[in-house]
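Below is one structure, written out as structure tokens; comments come after it.
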Amino acid sequence: MNILYKSILFLSFILLIGCNGRNQGARTDISSDSAKIRTDSVEENARLDEIDTSMNDTIVGVFDGKRKDTLIAELMEERTSGDCVVRNWRIVSKSNSIKPMILQNRYSVRFVEEGDLDGNGTDEFGIRVEGDVGMWNSYIVYSCINGEWKVLLDSIFTYSPHFYEELNNGKDIVQTTVKKGFLRIRFSDVRNDEICIVDTIVRIKDLSLQSVIKE
């Protein structure tokens, strides 16, 4: 009976060591940021190899004020953060006459052609900042000044159904006006407990005072 009791204690001790060892290993993996980053990095590379380049988007215009050029939104990397997919993008010009722009944490990047909004001879474009989830997102208009990207307007928030339906996939958010230096914009807001579209006139930013876009 004594021998049986000792045998049971010995087996219990062996099992306890085994369980603790596995649990400690699991805790080390979870708590170690470097290990997690390495794992994400491997997963990103594997997914990027399988991603269709049709996810990329292009737009044609005179963005530097000198020549017609093509901009390309290229997917740089993709990772999973919790239940969400996070992607980083790079905006490059085919002629390399404009510095690339990095857009981080975007689920997708789709250009909206805006034309020459400020009348300085360069074409602008807009991009809606969209994540993997969410119905409210900002719309940003970019302009090229001296070969560098800057923001023409403050972020314009739109509700997804408004953006894709009433605002024609973003094409009707910004329009020129007869008054130089001002633009007509439409954005989404909650007023009287209802989600509605607000139509207003805003002043164009003074781009000469702005810093270079760094996203």
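Numbers here are sequence positions counted from 1.
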* CD (E113) with more than 12 external heavy atoms under 6.0 Å ->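 Count not over threshold, so no.
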* D83, CG atom: more than 12 neighbouring heavy atoms under 6.0 Å ->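 No, not enclosed.
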Residue pair [X] / [Y], side-chain heavy-atom distance below 4.5 Å:
X    : Y    : value
Y139 : L167 : no
V60  : T70  : yes
F63  : F125 : yes
L183 : I204 : yes
V141 : V151 : no
V202 : D154 : no

Has the side chain of [X] got a donor or acceptor atom that lies under 3.5 Å from a matching backbone atom of [Y]?
X    : Y    : result
N137 : F157 : no
S143 : L152 : no
R186 : I197 : no

* Asked: Do we see a donor-acceptor contact under 3.5 Å between the side chains of R128 and S160?
  ->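 Yes, side-chain donor-acceptor contact under 3.5 Å.
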* Asked: Using a distance-only test with no angle check, is there a side-chain donor-acceptor pair under 3.5 angstrom linking E124 and T122?
  ->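 A pair is found: one side chain offers a donor N or O, the other an acceptor, under 3.5 Å apart.
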Measuring from atom [atom1] of [X] to atom [atom2] of [Y], what distance do you get when rounded to the nearest 0.5 angstrom?
X    : Y    : atom1 : atom2 : answer
L103 : W149 : CG    : CH2   : 10.5 Å
I59  : D69  : CD1   : CG    : 11.0 Å
R191 : D189 : CZ    : CG    : 4.5 Å

Considering all heavy atoms, the nearest [X]-[Y] contact:
X    : Y    : result
D116 : G121 : OD2-N, 2.8 Å
R79  : N105 : NH2-OD1, 3.5 Å
S97  : R67  : CB-NH1, 3.4 Å
L75  : R87  : CD1-CB, 3.6 Å
D64  : K66  : OD1-N, 2.9 Å
N169 : V112 : O-CG2, 3.8 Å

* Classify the ring geometry between Y159 and W136 as parallel (under 30°), tilted (30 to 60°) or perpendicular (over 60°). => tilted
